[in-house]
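In this chain, numbering begins with 1 at the start of the sequence shown. In what follows, every heavy atom counts, from backbone to side chain, and hydrogens, waters and symmetry copies are set aside. In each ligand, atom 1 is the first atom listed, and ligand 1 is the first ligand listed.
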Amino acid sequence: MATALPAFDYAPSIETTPVRIKPRYEHFIGGEWVAPASGEFFPTLNPANEETLAEIAQGDAADVDRAVRAARKGYDKYWRKLKPSERAKYVYRLGRALTERSREFAVLETMDGGKPIRESRDFDVPQASAHFFYHAGWADKLEYAVPDGEPRALGVVGAIVPWNFPLLIATWKIAPALACGNTIVLKPAETTPLTALLLAEVIAEAELPPGVVNLVTGDGRTGAALVDHPDVNKITFTGSTEVGKRIRRATAGSGKRLGLELGGKSALIVYPDAPLDQAIEGIVSAIYFNQGHVCCAGSRLLVQESIEDEIVERLRARLETLRVGNPLDKNTDIGAINSRMQREKIAELVQSGLDQGATLVQSSCELPNRGYWYAPSFFTHVQPTYRIAREEIFGPVLSIMTFRTADEAIERANNLPYGLSAGIWTASGQLGMYTAQRLQAGVVWGNTFNQFDPSSPFGGYKESGFGREGGLAGLRDYLC
Ligand code: NAI
Ligand code: MG
């Protein structure tokens with residue numbers, strides 16, 4: 001039984017693949033590295049030790065305009081004229097290049113963002129190349145993707161991505177955009193631009209025609225300039241609900257196509273007949289994967305009241321076995337919090353939980369002295385009205401609540417403005433289906449969590465956004 005075992009101590013096993021990081025990165029526009037118009041640069045840090053990794057160009061409206069013009073030219077001059085089967089070869093080539101350089105991408109992702117190397121190596125990078133391979137296959141079969149059999153590209157796509165899955169989410173947007181014949185301007189998150197910049201190097205080496213993929217770095221102002229640019233045909237955004245709402249207002253009436261993948265407060269429902277070992281591992285994956293920096297993180301656990309004590313005890317024991325520390329150590333389960341700001345946000349919400357009367361259970365692990373860290377935690381005695389039960393914490397903090405009947409569990413799960421994902425644990429197929437059909441969530445996992453595949457569409461209900469990424473539904477969002 002997991003509860004009886006003490007944590008096994010492994011010797012550190014640090015990933016040693018060397019990466020080259022330039023001291024300074026410019027924008028990648030029209031196939032060339034271009035200095036920012038403002039001349040301004042800002043640092044990107046390693047959140048595990050607060051050291052500066054590189055200086056990054058701060059993009060402004062002039063840089064964005066230059067990138068959009070390059071993307072338009074790339075579209076008119078090269079990409080729209082290319083035979084779809086030729087487009088497919090380029091997209092496939094990017095998948096190959098990612099696979100060949102996967103270790104380098106994984107190390108860079110971990111250094112720049114703080115996630116454990118095991119995750120960037122086994123999840124982020126393989127999923128990213130899988131998206132290129134999947135969409136390469138579609139490029140010359142698009143007539144089967146649209147009802148009238150006449151697929152048309154949209155033109156120039158503006159993509160704004162967050163810091164939780166920097167390379168993967170960029171790929172979710174680049175791969176279908178290119179496969180469908182669009183060109184793209186990508187704006188990575190300000191704390192995690194390095195893998196997108198390495199991808200730009202790979203794109204240059206793969207000899208994609210100039211302007212097909214452009215990259216402008218910077219903060220929210222750069223993103224806003226991209227949203228406002230009149231010659232962008234589609235904006236695809238992944239990030240906070242707050243910024244998503246702002247983008248929706250900014251694009252209203254502009255004729256721009258819009259896809260939003262926003263926040264979540266996903267529910268995990270555990271019925272008393274569930275295989276509990278599986279449920280505990282599923283819960284751990286749902287909330288502690290990537291330090292809880294996951295839009296679909298299962299951050300609300302609803303357990304049937306008869307099994308609450310057992311689940312709480314098992315989870316308390318499991319917390320102690322999670323290894324928190326150096327993200328480059330292959331044994332690490334929980335890495336660094338992405339930024340000081342995010343760490344403060346987590347601490348503030350946890351304090352609100354304590355103030356409102358919930359009970360906090362925290363791993364007794366030691367946290368490193370430098371960098372941004374948060375011990376894996378959960379709350380019991382949570383009322384559905386507490387902020388920790390309603391707001392996205394985006395950290396390794398779970399709120400546990402109880403229910404009596406399936407209908408009550410469903411009602412509680414649906415009782416928030418979000419609807420990104422959900423997880424159900426039960427031995428009964430009938431109960432699982434009954435629940436899944438009534439949950440307002442874009443993805444519902446059964447007896448598992450966080451399973452992804454490029455052929456399976458991902459996206460939300462309500463304030464979690466609209467539009468899909470992956471699968472046929474995701475593909476159609478990049479076509480007229
Ligand atoms: P954010 O939504 O501000 O940032 C996401 C991206 O949008 C970044 O590239 C950023 O530079 C850009 N951006 C910011 N303001 C913009 C604007 N006005 N117009 C266009 N682009 C803009 O997210 P932030 O501040 O990094 O995190 C805040 C909270 O958002 C987190 O604590 C978490 O709760 C949530 N979040 C959710 C994500 C998800 O995957 N659903 C991802 C990141 C954050
Ligand atoms: Mg960084």
Side-chain angles (χ1 to χ4, degrees), residues 21 25 42-56 58-59 61 64 108-115 158-166 168-170 172-173 186-197 215-229 232 235-251 258 260-266 290-297 299 327 335-349 371-372 391-395 397 418 420-421 442 458-460 463-465 469:
I21 302 178
Y25 288 88
F42 65 93
T44 181
L45 310 181
N46 179 342
N49 58 20
E50 299 172 60
E51 279 167 19
T52 294
L53 293 168
E55 297 283 324
I56 307 298
Q58 170 62 41
V64 166
L108 213 51
E109 196 74 312
T110 285
M111 287 175 77
D112 203 12
K115 66 172 65 197
I160 300 164
V161 302
W163 41 262
N164 54 345
F165 295 91
L168 179 55
I169 295 179
W172 279 14
K173 301 180 188 310
L186 174 76
K187 208 295 283 173
E190 50 270 46
T191 58
T192 55
L194 291 183
T195 45
L197 287 158
L215 206 129
V216 181
T217 50
D219 56 19
R221 292 168 294 173
T222 321
L226 185 55
V227 168
D228 291 338
H229 197 289
V232 169
I235 291 290
T236 165
F237 171 80
T238 303
S240 62
T241 295
E242 186 199 333
V243 172
K245 286 180 178 175
R246 214 177 298 164
I247 292 177
R248 181 141 198 203
R249 280 193 290 271
T251 52
L258 181 62
L260 297 174
E261 204 263 276
L262 309 175
K265 190 76 185 173
S266 298
N290 194 17
Q291 298 79 245
H293 297 336
V294 184
C295 43
C296 60
S299 51
I337 300 303
N338 184 266
S339 65
R340 181 186 299 276
M341 229 174 68
Q342 189 60 29
R343 198 202 166 282
E344 281 166 8
K345 186 187 160 195
I346 297 167
E348 191 272 321
L349 270 159
Y372 316 125
E391 293 180 30
E392 187 175 46
I393 301 178
F394 228 62
V397 185
Y418 293 123
L420 199 47
S421 75
F458 182 82
E463 289 193 11
S464 290
E469 311 213 75

Counterpart residues, side-chain contact (heavy atoms from CB on, under 4.5 Å), relative to Ile169 (two or more places apart): Val161, Pro162, Asn164, Phe165, Lys173, Thr238
Qualifying residues under side-chain contact (heavy atoms from CB on, under 4.5 Å), relative to Glu50, sequence neighbours excluded: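 If we apply the side-chain contact (heavy atoms from CB on, under 4.5 Å) test to Glu50, skipping adjacent residues, the hits are Arg340, Arg370, Tyr372.
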For ligand 1, the residues whose heavy atoms come within less than 4.0 Å (ordered by chain, then number): Ile160, Val161, Pro162, Trp163, Asn164, Lys187, Pro188, Ala189, Glu190, Asp219, Gly220, Gly223, Ala224, Phe237, Thr238, Gly239, Ser240, Val243, Arg246, Ile247, Leu262, Gly263, Cys295, Gln342, Lys345, Glu392, Phe394
Thr222 side chain to Gln58 side chain, donor-acceptor N/O pair below 3.5 angstrom: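 Yes, because at least one side-chain N or O of Thr222 sits under 3.5 Å from a partner of the opposite role on Gln58.
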Residue pair [X] / [Y], side-chain heavy-atom distance below 4.5 Å:
| X | Y | result |
| --- | --- | --- |
| Asn338 | Phe394 | no |
| Ile346 | Ile337 | yes |
| Met111 | Ile21 | yes |
| Ile235 | Ile247 | yes |
| Val227 | Arg246 | no |

Considering all heavy atoms, the nearest Asp112-Pro47 contact: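 Scanning both residues completely, I find the closest heavy atoms to be O-CD, 3.5 Å.
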Protein N/O/S neighbour count - the Mg ion (ligand 2), strictly under 2.8 Å: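 Step by step: take the Mg ion (ligand 2), keep protein N, O, S below 2.8 Å, and you get 5.
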